[in-house]
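Below, chain A is the first sequence line, B the second, and so on; all start at residue 1.
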2 protein chains.
Amino acid sequence: MIILLVEDDTVLATHSIDFLAQEGIEVDYASTMRQAQAISEHQSYDAIVLDINLPDGDGLSLAKQWQHQRQEPILFLSARDALDDKLKAFSYGALDYLTKPFALPELAVRIKLLASKNNSKPNRQFSLDSLHVDLDAKIITRGERVIVLSPQQWQLLELLIKHYPNPVSKAAIINQIWPQQDSNNNMYKSLITRLRSNLTREDEPALLHTLKKQGITLRVQHD
Amino acid sequence: MIILLVEDDTVLATHSIDFLAQEGIEVDYASTMRQAQAISEHQSYDAIVLDINLPDGDGLSLAKQWQHQRQEPILFLSARDALDDKLKAFSYGALDYLTKPFALPELAVRIKLLASKNNSKPNRQFSLDSLHVDLDAKIITRGERVIVLSPQQWQLLELLIKHYPNPVSKAAIINQIWPQQDSNNNMYKSLITRLRSNLTREDEPALLHTLKKQGITLRVQHD
DNA sequence: GACACAGGTAACCGTAAGGTAACAGTATAG
DNA sequence: CTATACTGTTACCTTACGGTTACCTGTGTC
């Protein structure tokens, strides 16, 4: 998730950026209107956080200008609690308004709320050769064929995709799939065999390769 | 537009009701949790405004109870500015939180915002294979046949549609349908069986598939 | 060449997860 | 007040998941 923060108080800004980073929110930062316009021109965000008082103008006018150009949800920050400002902000398309001082967790929650409202994110997809995986819908196809995997095999495939194109070590796999249980080499071997056989039919190129002593990885074999 | 207001301060409540009326917002009013539950049981609203401090309990617990049963956006009112309360409120599905004292116009604006966001999807329809669902009219058809579901089954179907094409985990389903009650695996199994049998006749392709250990999902089976 | 070692395959099978049908208590409608 | 529907409960069935074992294969080392 990425947002645009426009705020001239650099202390507040850096604190906010740090905190939001911990919450998994990436921040593009501008301290003036002009800078904000420049940065944001070719970028789209999950939400925009706008201070009202800016050195080169008024966040409200920025919102007014953007309200029909940009589709991002806007949250206003302001030290002023004046009703007038709030109403004006909402009339320019703001979806939320937070009065300083505020607690950073509240800001984070409200940002997440706005972002989730307006964006239903597309599912994560992974493709390799004729293999196609929808990581959210959990649908796997190879060419026309639909592949159904057992829970363990799905877990393993997810792991491999997450690390693609790097190999995943045997130890890492065992840790992930059999946490805190005794697990032996045989269980691991069986799992690999089963996933491999489900992923490829006789006439198809192999996808699951083991690099001796290093682990296994997804790859198409070029000869 | 009609909202539900739950607030034990009768002075504030009457002022609010008057003001909102001028803004074209009709209000159902309750002063206690119990009353709120009674009034709202068979009514749906564009938004719900909940005071946190109520004579017979805590607005938060009402929200917690409702968060998976009702789909209305909730706005909290509270005299307490404590961050803890706010975060709890948001975690129970609140979409906004207003600290007393507040200006009535701001309340009105925020209510309208919530209501409009929620209603931005009028006439929600869902189709999959020969299944057709009108989510507002709550009419389900498969081919020529009209399907009637029990309340629980409808809830489950709605859930599945909301997440489509992604699966919904057993835990999520149990949380939504039997919030805070003991619920066991058997109730879950029965519900699935009943919905499945209602959705498909013998000659029709299955729509409700379970992915072991991962949940269940709506899907047409491609061969 | 023999041996060790890592990895691969196929078959076996106990079991847990899921599916179904029937029953009963309670709520609901008419 | 009766009939019907809804949902929780139980008992039993089915399946395929995954652990286990036995036996391969290839490669490197002495």
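The pair B:Lys86-B:Asp81 meets the salt-bridge criterion, since a charged nitrogen lies less than 4.0 angstrom from a carboxylate oxygen. Checked for salt-bridge contact, A:Lys112 and A:Asp46 miss the test: no charged N lies under 4.0 Å from a carboxylate O.
A close approach under 4.0 Å does occur between a side-chain nitrogen or oxygen of A:Trp178 and OP1 or OP2 of D:dG19.
Counting only distance, with no hydrogens or angles, the side chain of A:Ser169 and the backbone of A:Ala172 share a donor-acceptor pair below 3.5 Å.
One interatomic measurement links the two molecules: CG of B:Leu195 to P of C:dG19, which rounds to 12 Å at whole-angstrom precision. Put simply, NZ on B:Lys212 is 7 Å from C1' on C:dA16, counting in whole angstrom units. Nucleotide C:dG19 holds its P atom 17 Å from the CE atom of B:Met187, rounded to whole Å. We find that CG of B:Leu156 is positioned 15 Å from C1' of D:dC6, with the value rounded to whole Å. Taking atom CG on B:Leu149 and atom C1' on D:dT7, their separation rounds to 14 Å, with Å as the unit. Note: CG (B:Asn198) to P (D:dA5) measures 12 Å, nearest angstrom. One interatomic measurement links the two molecules: CD1 of B:Ile174 to P of D:dG8, which rounds to 11 Å at whole-angstrom precision. In this structure, A:Ile173 atom CD1 and C:dG7 atom P are separated by 11 Å, rounded to whole Å.
Residue-level contact check: B:Gln152 touches the backbone only, with heavy atoms under 4.0 Å from sugar-phosphate atoms and none from bases. B:Trp154 comes within 4.0 angstrom of nothing in the nucleic acid, heavy atoms only. No engagement by A:Asn185 is indicated, since no non-hydrogen atom pair under 4.0 Å with the nucleic acid exists.
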Evaluate the side-chain contact (heavy atoms from CB on, under 4.5 Å) criterion for residues A:Arg110 and A:Leu114: first the C-alpha distance (whole Å), next the side-chain angles of each, then the deciding distance (0.1 Å), finally the verdict.
CA-CA 6 Å; A:Arg110 299 190 102 115; A:Leu114 290 184; 5.7 Å; no

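A side-chain N or O of B:Asn198 and one of B:Gln153 form a donor-acceptor pair less than 3.5 Å apart.
Mapping B:Val148 and A:Asn184 onto DNA chain D by nearest heavy atom places B:Val148 at the nucleotide closer to the 5' end.
Distance from the side chain of B:Lys213 is smallest for C:dA17 among the nucleotides C:dG7, C:dA17, D:dT7.
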Pull out every protein N or O sitting under 3.5 Å from an N or O of nucleotides 8-12 of chain C, one pair per line with the distance.
residue	atom	partner	partner atom	Å
C:dG8	OP1	A:Arg196	NH1	3.4
C:dG8	OP1	A:Arg196	NH2	3.3
C:dG8	N7	A:Lys189	NZ	3.4
C:dG8	O6	A:Lys189	NZ	2.7
C:dT9	OP2	A:Arg196	NH1	3.4
C:dA11	N6	A:Arg194	NH2	3.4

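Here A:Gln67 pairs with nothing under the side chain to side chain donor-acceptor pair (under 3.5 Å) rule; sequence neighbours left out.
For the ring pair (Phe, Tyr, Trp, His ring centres under 6.0 Å) condition, no pair includes a residue of residues 70-114 of chain B, sequence neighbours left out.
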